[in-house]
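What follows is a set of notes on a single structure, which appears directly below.
We use all heavy atoms of the structure for the numbers below, so side chains are in, but hydrogens, waters and symmetry mates are not. Proteins come first, then strands; the chains are lettered A, B, ... in the order of their sequence lines, and each starts at number 1.
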There are 2 protein chains.
Amino acid sequence: MFKPVTIKDIAKALNLSTSTVSRALRGGYEISEETKRIVLDYAEKINFQRNPIALSLKERRSYSIGVVVCEVANQFFSQAIDGIESIAYSKGYHVIISQTHDKYNREVINTEHLAHRSVDGLLISLSAETKDYSHLVKLHQQGLPIVFFDRILDSIQTHKVTSNNFKGAFNATEYLIESGCKRIAHLANAAQLSITSERQSGYEEALKKHNIEIKPELIRYCQHGGSNVQEVEEAVRYFLDMDEKPDAIFVASDRLSTGCLAALKKYNKTEDLLIAGFSNSDVVELLKPSLSAVRQPAFEMGRKAAEMLISLIESKYPVEEFETAILETTFKKND
Amino acid sequence: MFKPVTIKDIAKALNLSTSTVSRALRGGYEISEETKRIVLDYAEKINFQRNPIALSLKERRSYSIGVVVCEVANQFFSQAIDGIESIAYSKGYHVIISQTHDKYNREVINTEHLAHRSVDGLLISLSAETKDYSHLVKLHQQGLPIVFFDRILDSIQTHKVTSNNFKGAFNATEYLIESGCKRIAHLANAAQLSITSERQSGYEEALKKHNIEIKPELIRYCQHGGSNVQEVEEAVRYFLDMDEKPDAIFVASDRLSTGCLAALKKYNKTEDLLIAGFSNSDVVELLKPSLSAVRQPAFEMGRKAAEMLISLIESKYPVEEFETAILETTFKKND
DNA sequence: TTGAAAGCGCTAACAT
DNA sequence: ATGTTAGCGCTTTCAA
């Protein structure tokens, strides 16, 4: 059995009380330099580590933060997680990641699991399927610090970080227009997500600016965020089967973008359409059909979200003022 | 402050002792059906959850397993993690993921952190930089269950899972040969990794079989696993600058494969070489230059590793017999 | 400066 | 069938 050393062991070995050892270890000043040295040296020698579980129980906090994302096998989220970790580690927090796979059920289970697992706070990007937010409202009301990133929730008052989705979508759409496209379809994420409406607005605004009519039939939503391939293929098929085919597609997310390209390849329509979309893929310039990409500052978003959460956690007083940070995207043409 | 309900609260509310409540909750049979009902109903009503921290402290185990990988932003590992989670959740374990970014230091810190954070066991794929294994040896000696997957370590006696790297590499190389290539370079991972030598053997065996001389100058190692771009670019540059240029490259890993393609694109040499390599990318057939890919059963590997670890954790007696599972790869041509 | 003791939330002998 | 108590490893009053 794996049995770490405890302060009791040290106390016994050194003929001291556990309280003295504890104090020496955390550098309390009410302890003689000499005793402190002895304890510290011994602890060092046997590579003693305090039991964080015991500490958590005592202090009623775990120095860990929970992260809930739809999936980790997604460049945007894995980059965001890297950002989260970079801050968390530097501030002494551990990061516990959990995936929803865009399922509402998993989101409920995971958030509650994390909360009761005593994370000190939650960083969450909503699952595509989630329409009922009561699990989060409840935790929030109970006082669990929560920060939303990317797919945020308006109705809960807390810090939030997201990209300038409107502008990112606007840029991408305008690029398609300026490339000569006239009938631009929009492959969108689940309708109720914050990012979906923001990106759709950007798309529509670009059309408007260039006097192109907005046609609802050119917009398709993927209610499962593209987590099943079929959903994306059907949407693409729908576009391809239209009497008046689109000449371009603006795609709303990472997952959807690659799904869309794959579908086009499958249907052998790689030449007919210009594609632009959100993607944080690190191979975006290697893709064929090519994808002009709106890239979000995912790492930065993770950092910012983690900073916000930790400030919430460590705040001495209840926080009343909340911030919604909006980070700028970049756009990269590829052809 | 976030303050969950405790069994004490329930006991008080119901005028029972904490032990009765505890027993009712865990369904002990030495409790009257009626009391049990009352407690269960009440707990349900207030959505009571046992404090897992307290439980961990008491039982000296946490029902969580630690996963150490180089990075999560890598299709192979994120798929493996999905596999790990699928088993872990079904058996009531939580998964704590941590990344080394292929740094030795991070591996040491993370493994120790996890161990002392009281994970019940460790699932690890070594970092590319790791050459000193004493941190793992120590934990293993202390009795912490460890299972290696993918990048395994021979010198520690425990369960292991890996792909048939030899055969995967053999197939890829043979494909290149059968496509008419005569001078096949090998872009390899860090030399000391288990997967590196296995894949190199496969590569060499294929050459031998087809009577092609093995030339050491055609093999380049990336000691940091390609975690810095430069390293990969330099290796590719080296191949391109040879007097007798290779006509194909067999690439040893996911990260290296995309890095290699990106470098070829950068140097504008996308047409000159045939590329085959290990990759679990889900967009592999969309890549240009094209990549014929050896795909590992990552999800399956994750499942298997998790099963092995949990069996180790839950074994009543010290386990003496260890298994090394070898999973078959698949190969997909792309052109 | 140090030690004894209580308590964080829970479980499991050991009473009753 | 239920309650009392001790203890998991640690910190922190309170006393000495």
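Contact annotation: A/Lys8 reaches the phosphate of D/dC8 (side-chain N/O to OP1 or OP2, under 4.0 Å). Side-chain N/O atoms of A/Thr6 include none lying less than 4.0 angstrom from OP1 or OP2 on D/dC8. In this structure, A/Arg50 reaches the D/dT11 phosphate: one of its side-chain N or O atoms is under 4.0 Å from OP1 or OP2. Contact check, B/Thr35 against D/dT2: a side-chain N or O comes under 4.0 Å of OP1 or OP2. Residue A/Arg23 places no side-chain N or O under 4.0 Å from the OP1 or OP2 atom of C/dG3. Contact annotation: B/Ser32 side-chain N/O to D/dT2 OP1/OP2 distance is under 4.0 Å. Listed pair A/Thr20 / C/dG3 meets the phosphate criterion, a side-chain N or O lying under 4.0 Å from OP1 or OP2.
As a whole-Å value, the separation of B/Arg60 CZ from D/dG9 P is 5 Å. Counting to the nearest Å, the P atom of C/dC10 and the CG atom of B/Leu25 are 9 Å from each other. Nucleotide C/dC8 holds its C1' atom 11 Å from the CD1 atom of B/Ile53, rounded to whole Å. Protein atom CD of B/Glu30 is 14 Å distant from nucleotide atom P of C/dC14, rounded to whole Å. Computed from coordinates, the B/Asn51 CG to D/dC10 C1' distance equals 15 Å when rounded to whole Å.
If you check every strand for non-hydrogen atoms under 4.0 Å, A/Ile31 touches sugar and phosphate atoms only. Heavy atoms of B/Arg26 sit under 4.0 angstrom from primed sugar atoms or phosphate atoms, though from no base atom. Note on A/Ser56: nothing from the nucleic acid sits closer than 4.0 angstrom, heavy atoms only. Heavy atoms of A/Ser22 sit under 4.0 angstrom from at least one base atom. Residue contacts for A/Leu16: at a heavy-atom cut-off of 4.0 Å it reaches the sugar-phosphate backbone alone, with no base atom in range.
Salt bridge status for A/Arg151 with A/Asp102: present, with a side-chain N to carboxylate O gap under 4.0 Å.
Using a 3.5 Å distance cut-off with no hydrogens or angles, the side chains of B/Glu112 and A/Asn47 do not pair a donor with an acceptor.
Note: A/His135 and A/Tyr104 meet the aromatic proximity criterion, with ring centroids under 6.0 Å apart.
More than 12 heavy atoms of other residues, nucleotides or ligands sit less than 6.0 Å from atom CD of B/Glu30.
At a cut-off of 3.5 angstrom, counting only N and O atoms as typed in the model, there is a donor on one side and an acceptor on the other between the side-chain of A/Ser19 and the base of C/dA4.
In this structure, B/Tyr93 and B/Tyr63 have tilted ring planes: the angle between them lies in the 30° to 60° band.
Axis deviation across the helix from C/dT1-D/dA16 to C/dT16-D/dA1 amounts to 50°, comparing end segments of five pairs, rounded to 10 degrees.
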